Every structure is written in C-alpha cells, then in structure tokens.
Amino acid sequence: MPELPEVETVANGMHARVAGERIVRIWTSGKPQTFKTPEAELTQALTGSAIESVRRVGKTIVMTVSGKKQAVEFLIHLGMTGRLLVCDSGQPMAPHTHAILTLADGREVRFVDPRRFGRLSIHKPSEKKPDAPASYTGPGREPLTISADDFVALFRHRKTPIKAALLNQSLLHGVGNIYADESLFRAGIRPRRQAGRLTRDELLRLRKALIEVLRQAIKLGGSSVSDYVDADGVRGFFQLQHKVYMRGGEPCLVCKTPIQRITLAGRGTHFCPNCQH
DNA sequence: AGAAGGACCTGCACGC
DNA sequence: TGCGTGCAGGTCCTTC
C-alpha cells in the first residue's frame, strides 16, 4: 500500500522519534515469510546496537544501526499493509504484529502487517567495496531529484503503457498505483498510452505533475486509503486530494464526465476519458 | 527483452 | 446470518 510519500512520512517520523536510541531486545513472530534475513541473524544484528538514522530509499525504510564492528542497515519494506509504529510497552499487541524492537527508554518499535507482503532484512555493507551502491537501491531513479532530460530518456523506445512504466521500480523509485493514476490525471495523459510515443512536452508535464503530487502528499502525511498510518499511528490526508484513484463511476471533478476504471498491468486504473488524451 | 498473469496473504464490502 | 466473490497502497516468478 504505501508508496513514496507514505514511506517518507513513516521514515521521517521514525527518525525524529528513535534516532540515538539503543535497541535492547528483539521479539519476532516466527512467520518465516516476513523475514528475508533469518530471524536469529536479524536479532543478533540488532540487539544492543544504537539507531543512528532512519531514511527512505524508494519504498524501503532504511534504519542504520551501529553494529558491534560496523554499521549495518535494517531494511523494512511495508508491502501493501505494513505499519511501523513507535509506542509504549504497555500497549496491547495488535493482531499480525511480526516484530518488536524494545528501546532502552522502554518504548517499542513495532512492525504490524496483516497481509504479510512486507519484508524485513539486514543489509551489511560489503567489506571489499564499502562504497558500492547497496543492492536494495536498484537501478531506478528518485522521481523528486531526476532531471527533466533524464526523465524523458527513461521512457524512450518503450512500448509498454505509460502507467506500467511509472510502476516499474527499476525505472523510477517509489511510484505506486495511487500516484501513477493521480499524476497521469494531472498531466492529462491516458494510462494506456505507449510510453515511447509520448511527446517530450507530455513527459515534461508528467514529471511536473508527479513531483507536485508527491510533494503535496508528503506535506499532507501521505494517503490513508484503508489502514495506512504514520509512526505515531496518525492517518494521512492526501486521500482527500485524490481526483481519480478509486473514483470509478463518479463524476470528474473538472468536467463531470464519469471516471473510467480499467485493469492495466494487473492493477485497478482510473482516468477521466474527457480530460486525459 | 519485455510484458502479461498468477502467486503470495488477510480483511472488508457487497450481493444473494 | 452466512457464504461466495471481488477487490485492496507491492513485488516476484513463470510463461509466452
């Protein structure tokens, strides 16, 4: 569920609340699918270490902790329904809690994920190539910092629909179903258009719309469609700004034409047949 | 090479 | 009430 703005909100919130804290104890649920790194190894890597920073890379939350010998990175991918929360130890444990990090001051960081598409893992910087780009970074570019020319070049010669290209994490990081639909609406481009056939002008419009939508969503704490909450359990507000996402059959807010819903790249896709060409 | 489709999970809203 | 269906913010693997 969480896309770039939601992951950014959670990562920033976590950083503000837990940077500098020591992890004294780990509990894990024993659901093997959740743990890309085996639970014993994860527990070993985190117990007794101090949290240096928490940041977002693509849709991954990267928690850097000072290990006994070297700093390691604790990677949290929220999947569709993952939540990362800071709470007091007295709080009752929510169903589908899969990991709890107890901090030295008694608070806890909890990972809760009903559908279990989320993944937890430990990444150790390579000793041979400590400066090598981390594997979780992937080849995709960050949409908030990519230049206009590089953005246009990403889609050149691609026959795939522009929406599928936006969702492809090896091209762009962090764009998911909501922000793909919303940015295409704001750019006036139909989701099925072949990426490689968009004009430079259209792609520049798309980049501008995507950056605007992502920035505004970060400002509003992300989109809470059903169960997304930030590190304090607080919902976001960008869902109130959705123009097409999950509005199939409802009138377009600009021209009143019913919003159309199709399936594209296996995902529900929403657009205005009048405003988007 | 690259794209479609199914698989992985639980929960909820809907219709009968 | 209760069941069956379809759908949900993501990604990975297989197939074509």
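Note that this is a predicted model, so its numbers are computed, not measured.
Taking the six-membered ring for Trp and the full ring otherwise, F238(A) and Y179(A) have centroids separated by under 6.0 Å.
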* Structure fact -> Each base of DNA chain B marked ( ) or [ ] if paired in-strand (Watson-Crick or G-U under 3.5 Å), | if paired to another strand and . if unpaired gives .|||||||.|||||||
Distance-only donor-acceptor pairs under 3.5 Å for side chains of residues 85-92 of chain A, two or more places apart:
none

For residues 196-203 of chain A, dump all side-chain donor-acceptor pairs below 3.5 Å to protein atoms at least two apart in sequence or in another chain.
{"residue": "T199(A)", "atom": "OG1", "partner": "E202(A)", "partner atom": "N", "Å": "3.0"}
{"residue": "T199(A)", "atom": "OG1", "partner": "E202(A)", "partner atom": "OE1", "Å": "3.4"}
{"residue": "R200(A)", "atom": "NH1", "partner": "D149(A)", "partner atom": "OD1", "Å": "3.3"}
{"residue": "R200(A)", "atom": "NH2", "partner": "D149(A)", "partner atom": "OD1", "Å": "2.9"}
{"residue": "E202(A)", "atom": "OE1", "partner": "R193(A)", "partner atom": "NH2", "Å": "3.0"}
{"residue": "E202(A)", "atom": "OE1", "partner": "T199(A)", "partner atom": "N", "Å": "2.9"}
{"residue": "E202(A)", "atom": "OE2", "partner": "R193(A)", "partner atom": "NH1", "Å": "3.1"}
{"residue": "E202(A)", "atom": "OE2", "partner": "R193(A)", "partner atom": "NH2", "Å": "3.4"}

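Straight-line distance from the CE atom of M80(A) to the P atom of dC7(C): 13 Å, rounded to whole Å. Distance CG (D181(A)) to C1' (dA8(C)): 13 Å, rounded to an integer number of Å. Between L166(A) atom CG and dT11(C) atom P the separation is 14 Å, expressed in whole Å. The distance between atom CD of E3(A) and atom C1' of dA8(C), rounded to the nearest whole Å, is 12 Å. The CD-P distance, from Q169(A) to dC13(C), rounds to 15 Å in whole Å. At whole-Å resolution of the value, CG in L171(A) and C1' in dT11(C) are 15 Å apart.
If you take CG on D230(A) and CZ on R235(A), they are separated by 11.5 Å, rounding to the nearest 0.5 Å.
In this structure, R83(A) reaches neither bases nor backbone, as no heavy-atom distance under 4.0 Å exists between it and the strands shown. Using a 4.0 Å heavy-atom distance criterion, G266(A) is classed as making no nucleic acid contact.
Taking the P atom of each, dC9(B) and dC3(C) are spaced 23 Å apart, rounded to whole Å. With P as the reference atom, dG6(C) and dG6(B) are 13 Å apart, rounded to whole Å. Of the P atoms belonging to dT5(C) and dA7(B), the separation is 15 Å, rounded to the nearest Å.
Taken residue by residue, residues 108-122 of chain A places heavy atoms nearer than 4.0 Å to DNA chain B at P114(A), R115(A), R116(A), F117(A). Scanning residues 238-253 of chain A for heavy-atom distances under 4.0 Å to DNA chain C yields Y245(A), M246(A).
Defined by atom type and a distance below 3.5 Å, a donor-acceptor pair is present between the side-chain atoms of S223(A) and H242(A).
A side-chain donor-acceptor contact under 3.5 Å links E3(A) to the backbone of I178(A).
The stretch residues 206-218 of chain A participates, sequence neighbours left out, in these salt bridge (Lys or Arg N to Asp or Glu O under 4.0 Å) pairs: K208(A)-E212(A). Applying the side-chain hydrogen bond (donor to acceptor under 3.5 Å, both in side chains) test to every pair with at least one member in residues 93-102 of chain A, sequence neighbours left out, gives no pairs at all. Listed by first and then second residue, the salt bridge (Lys or Arg N to Asp or Glu O under 4.0 Å) pairs that reach into residues 171-183 of chain A are K163(A)-D181(A), E182(A)-R186(A), sequence neighbours excluded. Every pair tested for salt bridge (Lys or Arg N to Asp or Glu O under 4.0 Å) that includes a residue from residues 24-44 of chain A fails, sequence neighbours excluded, so the list is empty.
If you run salt bridge (charged side-chain N to carboxylate O under 4.0 Å, His left out) between R55(A) and each of E142(A), E8(A), E73(A), only E73(A) comes through.
Remark: H77(A) is not in phosphate contact with dG10(C), judged by side-chain N or O atoms under 4.0 Å from OP1 or OP2.
Think of the region where chain A sits on DNA chain B: with heavy atoms and a 4.0 Å cut, that region ends 5' and 3' at dA3(B) to dG11(B).
Under the ring pair (Phe, Tyr, Trp, His ring centres under 6.0 Å) criterion, H173(A) pairs with no residue, sequence neighbours left out. A search for ring pair (Phe, Tyr, Trp, His ring centres under 6.0 Å) contacts involving F155(A) returns F151(A), not counting sequence neighbours.
Here the closest non-hydrogen pair linking T37(A) and L42(A) is CG2-N, 4.0 Å.
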